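Remember, it's 1-based here, ligands and their atoms both numbered in the order they're listed. What you see is a predicted model, and the numbers here were worked out from it, not measured in a lab.
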Amino acid sequence: MQTIEKKKTVFSGIQPTGNLHLGNYIGALRNFGPLQEEYNCLYSIVDLHAITVRQNPTELRQNCLKLMSLYLACGLDPQKSLIYFQSHVAAHSELAWILNCYTYMGELSRMTQFKDKSQKHAENINVGLFAYPDLMAADILLYQTDLVPVGNDQKQHIELTRDVAERFNSVYGDVFTVPQPLIGKVGARVMSLSDPNRKMSKSDPEDTFIAILDDPAIIRKKVRRAVTDSEALVKFDVENKPGVSNLMSIYSAVTGKAFDAIEAEFEGQGYGTFKDAVADAVIAELEPIQNRYKQISADKAYLNEVMTSGAERAAKIAARTMSKVRRKVGLAPTQL
Ligand code: TYM
């Protein structure tokens with residue numbers, strides 16, 4: 001008898017905060033589209049995570065639509081993937097609470113993102129910021145996710161998700177699929193243009209990152225100004241040449257060229273030629289996305305349709321997991 005293998009499930013999310021940059025694109029977003037062909041994919045705009053730091057409400061609402069438009073401009077197809085706002089599916093918050101009761105303070109205290117964000121927002125180290133990884137675990141576990149495409153900085157959160165899922169399963173049987181991170185070989189950690197020892201970050205000043213929606217002239221200017229070194233040698237050596245290595249990773253990620261081929265291509269040439277080639281390649285990658293973005297973001301009826309139908313379908317899948325979880329932990333059903 002022929003066995004039909006069930007398609008695996010992919011889940012990922014991005015926070016609708018600030019300007020999405022080349023790190024978000026190379027580390028995560030550009031990997032989302034190709035997965036649609038082989039897997040059941042859900043891509044969320046994680047607005048509840050965003051409010052762990054203070055947001056301007058009007059800007060947050062705009063950023064959510066902006067991010068959904070970017071998802072679509074980067075090739076996500078609502079016929080193939082579920083695209084929705086996290087806060088539109090209440091089960092995310094519900095499961096997050098339950099998972100909080102199966103996670104230890106010590107585990108959450110060790111999270112690097114919590115430590116970083118507590119430093120950046122010392123005036124607002126709230127409980128949500130601390131419990132953030134359990135909301136992320138809920139996002140993933142609700143859909144019985146197999147694979148989570150993310151950049152390197154989210155690996156620790158996925159390891160925690162796995163630990164919590166395994167702990168829950170060991171008490172109640174196989175309730176959750178234990179997910180795996182899916183992290184690209186090149187570009188999983190794109191570094192800041194002004195300090196190549198720090199990762200590129202939305203919350204840093206504008207000139208340290210290339211925004212996906214930056215004008216080509218701005219992209220060129222930012223790449224030209226990127227910190228390198230005085231050796232005038234295009235060579236991949238993260239320890240001694242972090243700036244050049246970062247630009248090489250970006251170039252490799254968008255052109256598909258290997259590091260040794262890039263070294264050969266720019267042998268004997270200065271950083272000026274190399275940087276121009278990096279800027280050209282990044283512009284060639286981003287310009288078509290920017291053009292699609294302009295069209296899509298103007299079509300409010302279409303965005304509305306994608307948003308509501310995504311949430312409706314996601315809620316149905318989430319409800320199946322929630323009913324199992326509620327039963328296992330001993331919460332009474334709504335109908336006796
Ligand atoms: P966020 O919104 O900070 O980032 C979105 C994605 O971009 C990746 N990324 C990077 N990749 C390479 N280089 C960089 N400099 C860089 N900066 C960011 C991130 O790894 C991420 O994949 N907690 C998540 C959002 C989230 C989530 C989830 C992700 C919430 N729930 C469930 C996966 C599954 C976050 O803050 O990503």
Tell me whether the count of non-hydrogen atoms from other residues, nucleotides or ligands lying under 6.0 Å of NZ in K8 goes above 12. no
Rounded to the nearest 0.5 Å, what separates atom CD1 in I210 from atom CD1 in I218? 11.0 Å
Element-labelled atoms of ligand 1 that are located less than 4.0 Å from some non-hydrogen atom of I14: 2 (O), 5 (C)
Protein heavy atom at shortest distance from atom 22 (O) of ligand 1: G151 N, 3.1 Å
Quick one: look at Q86 and ligand 1, take heavy-atom pairs under 4.0 Å, and tell me if it's side chain, backbone, both or neither. neither
Going by the order shown, which atoms of ligand 1 are within less than 4.0 Å of some heavy atom of Q15? 2 (O), 35 (C), 36 (O)
Any idea which atoms of ligand 1 are less than 4.0 Å away from a heavy-atom of I140? 32 (C), 34 (C)
Please check whether K202 reaches ligand 1 - meaning an N/O of the residue sits under 3.5 Å from an N/O of the ligand, judged on distance alone. yes
If you count the atoms of ligand 1 from 1 in the order shown, which ones are under 4.0 Å from a heavy atom of H49? 30 (C), 31 (N)
CD of E263: more than 12 outside heavy atoms within 6.0 angstrom? yes
Among protein heavy atoms, which sits nearest to atom 17 (N) of ligand 1, and what does the distance come to when rounded to 0.1 Å? H21 CE1, 3.7 Å
V150 neighbourhood, listing ligand 1 atoms whose heavy-atom distance to it stays under 4.0 Å: 22 (O), 29 (C), 33 (C)
Quick one: pull up NZ in K7 and SG in C41 and give me the separation to the nearest 0.5 Å. 8.0 Å
What protein heavy atom is closest to atom 10 (C) of ligand 1, reported as residue, atom name and distance in Å? G23 O, 3.5 Å
How close does the nearest protein non-hydrogen atom get to atom 29 (C) of ligand 1, and which residue and atom is it? G13 O, 3.3 Å
Please list, chain by chain and in numerical order, all residues satisfying side chain to side chain contact (heavy atoms under 4.5 Å, CB included) with S203, sequence neighbours excluded. K120, S201
Give a yes or no on whether Q335 atom CD has more than 12 heavy-atom contacts from other residues, nucleotides or ligands under 6.0 Å away. no
Residue V148 vicinity, atoms of ligand 1 by number, heavy atom under 4.0 Å: 33 (C), 34 (C)
Counting only nitrogen or oxygen atoms and a 3.5 angstrom limit, does V190 reach ligand 1? yes
For residues D134 and Y102, is any side-chain donor paired with an opposing acceptor at under 3.5 Å? no
Could you check T255, L22, V223 and say which one makes a side chain to side chain contact (heavy atoms under 4.5 Å, CB included) with I250? L22
Can you name the side chain to side chain donor-acceptor pair (under 3.5 Å) partners of S194, sequence neighbours left out? S192
Quick note on ligand 1: atoms under 4.0 Å from a heavy atom of D139 include exactly 28 (C), 30 (C), 31 (N), 32 (C)
In terms of atom number and element, which parts of ligand 1 are under 4.0 angstrom from non-hydrogen atoms of G27? 11 (N), 12 (C)
Against K222, only a single residue in D214, D207, D215 fulfils salt bridge (Lys or Arg N to Asp or Glu O under 4.0 Å); can you say which? D214
Considering only non-hydrogen protein atoms, determine which one is nearest to atom 6 (C) of ligand 1 and report residue, atom name and distance to 0.1 Å. A28 CB, 3.6 Å
Please compare S44, S203, S12, P181 and report which has the shortest non-hydrogen distance to atom 33 (C) of ligand 1. S12
Any M191 heavy atom less than 4.0 Å from ligand 1: no
So for atom CD, which belongs to E37, do other residues, nucleotides or ligands contribute more than 12 heavy atoms lying within a distance under 6.0 Å? yes
Are side-chain N/O atoms of S81 and Q36 paired as donor and acceptor at under 3.5 Å? yes
Tell me, please: is G187 in heavy-atom contact with ligand 1, that is, under 4.0 Å? yes
the protein heavy atom lying closest to atom 9 (N) of ligand 1 turns out to be N24 ND2, 3.7 Å
Of the protein's non-hydrogen atoms, which lies at the shortest distance from atom 23 (N) of ligand 1, and what is that distance? Y132 OH, 2.6 Å
Do we see a donor-acceptor contact under 3.5 Å between the side chains of Q113 and D153? no
Atom 37 (O) of ligand 1 has as its nearest protein heavy atom Q154 NE2, 3.9 Å
